[in-house]
Novice: 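Pasting in a structure now, in C-alpha cells, and then I'll have a few things to ask.
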Amino acid sequence: METQTVEQMPTQYDALNIEKEIYKFWEENELFKANANSDKPPYTIVIPPPNVTGVLHMGHALDGTLQDILTRYYRMSGYEALWLPGTDHAGIATQNVVEKKLREENKTRFDLGREEFLKLTWQWANEHKGTILNQFKRLGASFDRTRERFTLDKGCNDAVKEVFVRLYEKGLIYKGAYIVNWCPRCCSAISDIETVYETEMGSLWEISYPLKNEAGAIVVATTRPETMFGDAAIAVNPNDYKYKELIGKKVVMPLTGREIPIIADEYVDKSFGTGAVKITPAHDPNDYEVGKRHNLKSIWVIDENGKMKANGYVPKELHGLDRYQARKKTIEMLKIQETLLRTLPHEHNVGKCQRCNTTIEPMLSEQWFVKMEPLAKKAIEAINKGEIKFIPERYTKNYLSWMENIRDWCISRQLWWGHQIPAYYHIETGEMVVAKENPNPKLYKQDEDVLDTWFSSGLWPFSTLNWPDIDNADFKKFYPTTTLVTGFDIIFFWVARMITMGYEFTGEAPFSTVYIHGLIRDEQGQKMSKSKGNTIDPVQIIDKYGSDALRFTLTSLNTFGAQDIKISDERFEYGRNFANKIWNASRFTLMNICDVDDIQIDFNNLTIADKWILNKLNETIKLVNDNLKTFRFGETAHILYEFFWNNICDWYLEISKVQLGDEKISMNTKRVLKYLFDTTLRLLHPIMPHITEKIWQLIPYVKNSSCNALIIASFPIPDEKYNFALESKQMEVVFETIKSLRNLRQSLNINTGALIDIVIDANKEEEIIFKAIESYIKRLAKVNSILYNSQEIKDKKCVNCAVSNSKIIVPLDNLINFEDELSRQNKKLLKLTNERNSLESRLNNEKFMQNAKEELINQTKTRIDEIIARENVIKELIENLKQ
RNA sequence: GGGCGUUUAGCUCAAUUGGUAGAGCGUCUCCCUUACAAGGAGAGGGUUUGGGGUUCGAGUCCCUAAACGCCCACCA
C-alpha cells in the first residue's frame, strides 16, 4: 500500500480512491480466501445468487452489506469464514434478453435452432457474468471469488441431474397433464408462485344458452366469453331451486350450436352472478376439477401463443385471433345473435407472469411436477424442532403455513436456457428413461424442456460445495452453511426449497439461521422499479458518497424487524458525514500519537477521563458483540455512531488535548488514544471496512508481523480490567458542569472568546472531584480561574447554576437579564419537582413497595435525594435572583 | 376471505424481559476556537393513531376501532 504521512491526509475523506486502494490490498493479499483445512470453526454464507443478467440494485447492496458484515465479524472473531459468491442463470430473464436482441435483427430463437441459440446465450452470459459481482466489489464484499459458482455450471448441472434422477426414482417427480399457469409471451408454463395477481376492472358478461328442444334458456355469467367455445357443460349448484328442473337437460351453445349438458356441482356458488357457470376444463383450473368429476371433455380453444385455435370448436371468424381480439369479436357476435343479455362492470383478480407481466392463460398441458408433500414434511419438522431458526421469528409462521398447504411444484419450462430435463424418449417406441446421461444418443432423444431456475437455486448451499461429492474438503468443512441472509420476498421461491432439498439430499439443514431483512423502498415507501423511475443506483451512491457511507447508512436503517427501508439520495449523507468524522478524528489522533511508545497503558497513571472512556469502550465492545450476534445491525450502527461521535469526539478528544499538554500524563494519554482507536476501528470494521483498514494501518505499532491487516485482526471482546464504574460516574460531573456553563454563556450572551471566573460551592466530597477535573473545566468551558470560597464574591452580582449537589457561581461584571435567568431556573425547578412528586408517589404506594424490585426502590430513593439536593440549590439561586 | 406488520417530535426512525420517551435530518441562536463548516456550542419541538382494560406503574401487555402497507388464497 502507498505510504502516506499523517500530514498528507486531506481534511476531507477521499472515499473513492482509498476504497479502491484498500480493496486492491485485500485482494492482492488473498484475504478473502477461506481455508478448508484450517482448525478454526467454520462460518459459511452462500450468496443469494443474483441474476447473471442483473446489475446491482439497492436490494443487493443491503443484502450484500449485511452478509459482508457477518463474514467480517466472524472472520475477525476466530472463525474460518467463507462467503461464497456466484450468479444465477435466471432462465426466463436471460432468455428474454437474448431473444429481445434477436428480435432487433428480426429473428427468433427458432431461426437459430437450440444449439446455436444456447451458444449465443452462453456467450452473452459469460460476458455479463462478471458485471454484477464486480459491482459487489465496490461494496467492499469480502467474498471468496476463487470459489465463485454459476447455477448452470458443470458442477451445478451434475447436482441437478443427480437430484432429478433420485427424486424420480423415489416417485417424487412425475409427469402429468394438469392445468398450469401458462405465459403466452414466454411461451412456457410457470409455477404458482411465479404468478402474481393484480386487481383489475373487467366485465361480467351474461350470456343466454337456449335449452335444447324446448323454450327457455339458462343464463351464465362469465368474465371470459372467448373461452366459451371450449365449454363442456353448464354447471349449477345442486341445491339451487331455480335450476333444479334443468339439471340433466341440454343446451344449445350460441354461435356454434354445439350441445352441452347442464350438470350439478357443489363448486358453483348460488349467489354469484346468475348462479350458473360455463365449464371450460381446458382453460380454467376449477373447471378442470369439475370436468374431472363429471367426465367432461377438455376442449382446447386457445393455443400456446394466446391465440384462438383453428379447430372445429372455434368459429372460423376467430381462427388465429389474439385472445383479447377474440373476446371483442365474440361479444359482437353474441350481440348480433341477441344472446348477450347484460354487461356488468366487475372487479376481479387477474394472474400475471411475474417476469413479463403478461396475463396468465390457465391451460391444460403436460408438465413435470415435484410431489412436495413428502419433502415438505421433513422441512416442517426441522423448523418445529428448532434446527433452523428464522430471524425475525415471525417469518416462521409464514413459512410453516405455506409449507403445510404446499402444492405440487411445476418444474418444467418450455425454454431452452436452463438445465435440460434428464429424461430421454426412445425415438420409435417413445419409452421414457430418466437418467443422468442419455442411454444411447442414437436411439433416445432428450426431453425438450428445461427446469425451473429455482430448481437449481434450491440446491445452491450444497451444489456450490461440490455435492454430490460429499468427501471433498469444502463440503466437509463448510456444509452445512451457517447463516442465510435474504429478503422476505423469496422465502417461498428459494428458502423453502433449499430447506426441503437440503434435508432430502444431505440429511441435514442447509443452514441453521435464516436472517430476513427488510426491503428497500423509495422515500414514499414505494417499491423501487425501473418502470417507475424511482430507483437509486448504489454504484452512483458509492461514487458520490463512498462505499462505507452507503454501507453505514443502509445498516443503520436496517433496525431489527423492519420490513420497509425507505431511502433517498440525501440519506447517505448520514454515512458520509460519519466517515468524514472518523477520518478527521483519526487524523487528529494519528498526529498526536506519532511518537507513542510501544508500552502497555499504565493503569496507575490513568485520569478520570481515561478511565471513563476505557469503561465506555468496554461497554461498547460488549454491546457491539451482543448486537451483531443477534443480527441487530441497525442497533449496532447506532451504538457505534453514538460512541464514536458523542463520547470519543465530543468529549474524550477534547479532554485529551488538555492531557497531551501535561508532561506527566502525556505519554500515557497517547497510549490510551492508541488503544482506543485501535479497538474502535476493529469494532467499526465490519460495517465500514475500507476507512477503518486504511486508518488502522497508520496507527504506530498496531500493524505487526503476525497481523498486517485489520480485516484479519481479532475482534475486541470485553475485559473486566477496563471497568471503572466510579470514575464513569464522576465524569458525569464534568459533563454537567461544562454543559451548564456553556448553557449559561449562551443564554447570557457572553462572548465566546471571553474567559470567565467561577466559584464552586461544593461539599467536601464533591470538592475533591471538582479539583480533579479543574483542567477539563477550564479548557472546555473557557474558564480562567476556579475558586472554592463563596465568601469572596458575596457582594458581587452573580449568576449561578446547580451541578450535581453543588453550586457554580459566576460573578458578572456586565448586566444580565435577571428575568430570563429567573424563568430558566423556575423551569428547571418545576421539572425536578414533577419528577420528585412522581417518584415519591411511588414510594408512598404500598403496592409499589411490595411489588417493585428492591434495586428499583433503592434507585428511586437515591434519585429523590439527588433531586432534593438540587432543588435546594436552585431554590437558593432563585432567591438570590429575586433580590 | 385468511394471516402478518406498521402507526412515537415537522420528516425518517430508536427506546433489549412493563419503571415515565431519544437520535439524525429540518427549524431557531451563536461560532471559521490550531482533527473536522460533511464541523462546534446551545435552544425549541411529543396527551407515543382513537377508545377501553390489566397493573402501584403502559410507547411497551390484553381487548377494540381506524388508517396505511405486505403475504397467502383466487369464486365464474
Side-chain angles (χ1 to χ4, degrees), chain A residues 6 9 11-13 192-193 195 197 204-205 220-224 227 235 267-269 271-280 284-287 346 348-351 392 394-395 397-398 401-402 405 488-489 491-492 519 521 523 525 545 549 556-557 559-568 570-571 573-574 576-592 623 626-627 630 632 634-635 638 641-642 646 649-650 653-654 657 738-739 742-747 749 751-753 780 782 835 838-839 841-853 856 859-860:
Chain A
V6 177
M9 291 167 80
T11 57
Q12 276 192 15
Y13 173 55
D192 292 333
I193 49 174
T195 309
Y197 287 89
L204 190 62
W205 286 279
V220 301
T222 181
T223 53
R224 302 206 51 200
T227 64
Y267 152 72
V268 182
D269 178 357
S271 61
F272 187 89
T274 61
V277 199
K278 60 191 231 23
I279 300 295
T280 320
D284 183 280
N286 292 304
D287 291 8
H346 178 63
H348 60 150
N349 288 334
V350 179
R394 74 181 124 94
Y395 290 106
K397 208 173 160 184
N398 231 343
S401 70
W402 191 72
N405 299 299
F488 57 77
D489 53 335
I491 290 179
F492 305 141
L519 259 35
R521 295 177 182 279
E523 265 175 298
Y545 298 106
S556 73
L557 294 174
T559 48
F560 194 81
Q563 63 176 2
D564 289 341
I565 295 164
K566 286 185 244 182
I567 58 164
S568 65
E570 300 81 49
R571 297 198 79 166
E573 288 174 5
Y574 180 60
R576 179 202 56 182
N577 293 355
F578 186 44
N580 199 231
K581 190 72 178 175
I582 294 172
W583 183 251
N584 280 302
S586 301
R587 277 178 58 230
F588 168 81
T589 305
L590 292 172
M591 276 187 248
N592 283 290
L623 285 172
D626 290 350
N627 281 284
T630 52
R632 303 177 78 91
E635 292 76 357
H638 294 139
Y641 182 94
E642 147 104 18
N646 302 127
C649 294
D650 291 349
L653 289 190
E654 293 306 319
K657 289 174 186 171
I738 291 165
K739 279 182 187 168
R742 282 171 173 171
N743 190 316
L744 208 71
R745 291 183 87 105
Q746 182 99 4
S747 63
N749 218 352
N751 188 315
T752 27
L780 276 80
K782 299 233 161 102
E835 192 184 342
S838 149
L839 294 173
S841 70
R842 277 190 211 172
L843 292 184
N844 293 332
N845 188 320
E846 277 179 36
K847 288 193 176 166
F848 174 78
M849 298 304 282
Q850 282 165 17
N851 297 325
K853 287 175 202 149
L856 182 67
Q859 263 175 30
T860 309

Novice: Roughly, in whole Å, what's the span from NZ in A:K397 to P in B:G5?
Specialist: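 Distance, rounded to whole Å: 7 Å.
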Novice: Looking at every strand, decide which applies to A:Y574 at a 4.0 Å heavy-atom threshold: base, sugar-phosphate, or nothing.
Specialist: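 Counting heavy atoms under 4.0 Å across all strands, the contact made by A:Y574 is with sugar-phosphate only.
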Novice: So does A:E846 have more than 12 non-hydrogen atoms from other groups sitting under 6.0 Å from CD?
Specialist: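 No, the 6.0 Å shell around CD holds no more than 12 heavy atoms from other groups.
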Novice: For A:E523 versus A:K566, what's the shortest heavy-atom pair and its separation?
Specialist: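 Answer, listing the atom of A:E523 first, then A:K566: O-CD, 3.6 Å.
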Novice: Closest to the A:R576 side chain: B:C56, B:C70, B:A38?
Specialist: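 In terms of side-chain proximity for A:R576, the closest of B:C56, B:C70, B:A38 is B:A38.
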Novice: I'd like the P distance from B:C61 over to B:C25, given in whole Å.
Specialist: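 Per the computed distance, 30 Å lies between those P atoms.
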Novice: Picking from B:C36, B:G24, B:G5, which would you name as closest to the side chain of A:N584?
Specialist: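 Side chain of A:N584 sits closest to B:C36.
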Novice: Can you check the distance between B:C11 and B:U48, where both ends of the measurement are the P atom (answer in whole Å)?
Specialist: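 About 16 Å, rounded to a whole number of Å.
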Novice: Taking the side chain of A:A585 as its heavy atoms from C-beta onward, which of B:U12, B:A35, B:C70 lies nearest to it?
Specialist: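 Nearest to the side-chain atoms of A:A585, counting from C-beta on, is B:A35.
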Novice: Which nucleotide in the list B:U20, B:C74, B:G69 gets nearest to the side chain of A:R842?
Specialist: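 Given the options B:U20, B:C74, B:G69, the side chain of A:R842 is closest to B:U20.
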Novice: Identify whether any heavy atom of A:V268 sits under 4.0 Å from a base atom; if not, whether one sits that close to sugar-phosphate; answer base, sugar-phosphate or nothing.
Specialist: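 A:V268: base contact, heavy atoms under 4.0 Å.
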Novice: Of all the nucleotides listed (B:C13, B:G39, B:A76), which has the minimum atom distance to the side chain of A:H346?
Specialist: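 So the nucleotide nearest the side chain must be B:A76.
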Novice: With rounding to the closest Å, how many angstrom separate the C1' atoms on B:G40 and B:G46?
Specialist: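 Going atom to atom, C1' in each nucleotide, I get 27 Å.
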Novice: Using the C1' atom as the point on both nucleotides, what is the distance between B:U54 and B:G18, in whole Å?
Specialist: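 Looking at atom C1' only, B:G18 and B:U54 are 12 Å apart.
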Novice: Using the side-chain heavy atoms of A:N845, tell me which of these nucleotides is nearest: B:A73, B:C56, B:A41.
Specialist: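 Side chain of A:N845 sits closest to B:C56.
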Novice: Whole angstrom is fine here: how far is it from CD in A:E654 over to C1' in B:G40?
Specialist: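 For the pair A:E654 CD and B:G40 C1', the rounded distance is 8 Å.
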Novice: Report the nucleotide, chosen from B:C72, B:G39, B:C74, that has the shortest atom-to-atom distance to any side-chain atom of A:F492.
Specialist: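 The answer is B:C72.
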Novice: Which nucleotide sits closest to the side chain of A:N398: B:A76, B:C56, B:C71?
Specialist: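 For the A:N398 side chain, the nearest candidate turns out to be B:C71.
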Novice: Taking for each residue the nucleotide of RNA chain B bearing the nearest heavy atom, is the 5' side occupied by A:T195 or by A:F488?
Specialist: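 Checking each residue's closest nucleotide, the 5'-ward one belongs to A:F488.
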Novice: Going by purine N1 to pyrimidine N3 plus the second Watson-Crick contact, or the G-U wobble pair, all under 3.5 Å, which nucleotide sits opposite B:U7?
Specialist: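 Base-paired to B:A66.
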Novice: Looking only at the side chain of A:D269 (C-beta and beyond, no hydrogens), which of the listed nucleotides B:G40, B:U33, B:A76 gets closest?
Specialist: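 Closest of the options to the side chain of A:D269: B:A76.
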Novice: For a quick test of reading the model, state the closest non-hydrogen atom pair linking A:T195 to A:G351 and the distance between them.
Specialist: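 Here A:T195 and A:G351 meet closest at CG2-CA, 3.9 Å.
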Novice: Between A:Y197 and A:H638, which has a closest nucleotide on RNA chain B that is more 5'?
Specialist: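 Looking at RNA chain B, the more 5' nearest nucleotide goes with A:H638.
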Novice: Just to confirm, is there a sub-4.0 Å distance from OP1 or OP2 of B:C13 to any side-chain nitrogen or oxygen of A:T559?
Specialist: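 No, no such contact exists.
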Novice: For A:D650 and B:A35, what is the distance between atoms CG and C1' respectively, to the nearest whole Å?
Specialist: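 Atom-to-atom, A:D650 to B:A35, this comes out as 13 Å.
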Novice: Run the side chain to side chain contact (heavy atoms under 4.5 Å, CB included) test against A:N851 and tell me which residues pass, sequence neighbours left out.
Specialist: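 Expected list: A:K847.
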Novice: Would you say B:A35 has OP1 or OP2 under 4.0 Å from some side-chain N or O of A:K657?
Specialist: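 It does, given that an N or O in the side chain of A:K657 lies less than 4.0 Å from OP1 or OP2 of B:A35.
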Novice: Quantified in whole Å, what is the P atom distance between nucleotide B:U33 and nucleotide B:A38?
Specialist: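 About 15 Å, rounded to a whole number of Å.
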Novice: When the C1' atoms of B:A58 and B:U47 are considered, how many whole Å apart are they?
Specialist: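 Between the two C1' atoms, the distance is 14 Å.
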Novice: I need the CG-P distance between A:N580 and B:G39, as an integer number of Å.
Specialist: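 Nearest whole value for this atom pair: 7 Å.
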Novice: What integer distance in Å separates A:N577:CG from B:G24:C1'?
Specialist: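 Distance check: A:N577 CG to B:G24 C1' gives 10 Å.
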Novice: Testing the basics here: between A:Y574 and A:H638, what is the closest heavy-atom pair and its distance to 0.1 Å?
Specialist: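 A:Y574 and A:H638 have their closest heavy atoms at OH-CD2, 3.8 Å.
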Novice: For residues A:R587 and A:N584, is any side-chain donor paired with an opposing acceptor at under 3.5 Å?
Specialist: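 Looking only at side-chain atoms, A:N584 and A:R587 do form a donor-acceptor pair, the distance falling under 3.5 Å.
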Novice: Just to confirm, is there a sub-4.0 Å distance from OP1 or OP2 of B:A73 to any side-chain nitrogen or oxygen of A:N405?
Specialist: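 Checking B:A73 against A:N405, no side-chain N or O comes under 4.0 Å of OP1 or OP2.
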Novice: Is A:E573 touching bases, backbone alone, or none of the nucleic acid, heavy atoms closer than 4.0 Å?
Specialist: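 If one applies the 4.0 Å heavy-atom cut-off, A:E573 turns out to touch nothing in the nucleic acid.
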Novice: Mind checking the P distance from B:A15 to B:G51? Whole angstroms is fine.
Specialist: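 Between the two P atoms, the distance is 24 Å.
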Novice: Checking base pairs now: Watson-Crick or wobble, both atom distances under 3.5 Å. What partners B:A41?
Specialist: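 Pairing partner: B:U29.
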Novice: Taking the cut-offs as 6.0 angstrom to the six-membered ring centre and 45 degrees off its axis, would you call A:K657 and A:F588 a cation-pi pair?
Specialist: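 Judged by the rule (NZ or CZ under 6.0 Å from the ring centre, within 45° of its axis), A:K657 counts as positioned above A:F588.
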Novice: When all nucleic acid strands are considered with a 4.0 Å heavy-atom cut-off, which category describes A:K782: base, sugar-phosphate, or nothing?
Specialist: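 Base contact - A:K782 has a heavy atom under 4.0 Å of at least one base atom.
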Novice: Between atom OH in A:Y267 and atom P in B:A76, what is the gap in whole Å?
Specialist: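 After rounding, the reported distance stands at 8 Å.
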Novice: Which nucleotide, B:C36, B:G42, B:A76, lies nearest any side-chain atom of A:V277?
Specialist: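 Between B:C36, B:G42, B:A76, the one nearest the side chain of A:V277 would be B:A76.
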Novice: Nearest whole Å is fine: how far is B:C71 P from A:D192 CG?
Specialist: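 Whole-Å distance recorded here is 16 Å.
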Novice: If B:U47 has a Watson-Crick or G-U wobble mate with both distances under 3.5 Å, name it; if not, just say none.
Specialist: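 In the structure as shown, B:U47 has no Watson-Crick or wobble partner.
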Novice: Taking the same atom, P, in B:A9 and in B:A23, what whole-Å distance lies between them?
Specialist: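 To the nearest whole Å, 14 Å.
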Novice: To the nearest Å, how far apart are A:L557 CG and B:C13 P?
Specialist: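 Distance check: A:L557 CG to B:C13 P gives 8 Å.
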Novice: So what does A:K566 hit on the nucleic acid, given a heavy-atom distance under 4.0 Å: a base, only sugar-phosphate, or nothing?
Specialist: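 Counting heavy atoms under 4.0 Å across all strands, the contact made by A:K566 is with sugar-phosphate only.
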Novice: Whom does B:U34 pair with, Watson-Crick or G-U wobble, provided both distances fall under 3.5 Å?
Specialist: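 Matched B:U34 with nothing under the 3.5 Å cut-off.
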Novice: Which atom names give the shortest non-hydrogen contact between A:A221 and A:T274, and what distance separates them?
Specialist: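 Taking every non-hydrogen atom into account, N-OG1, 3.7 Å.
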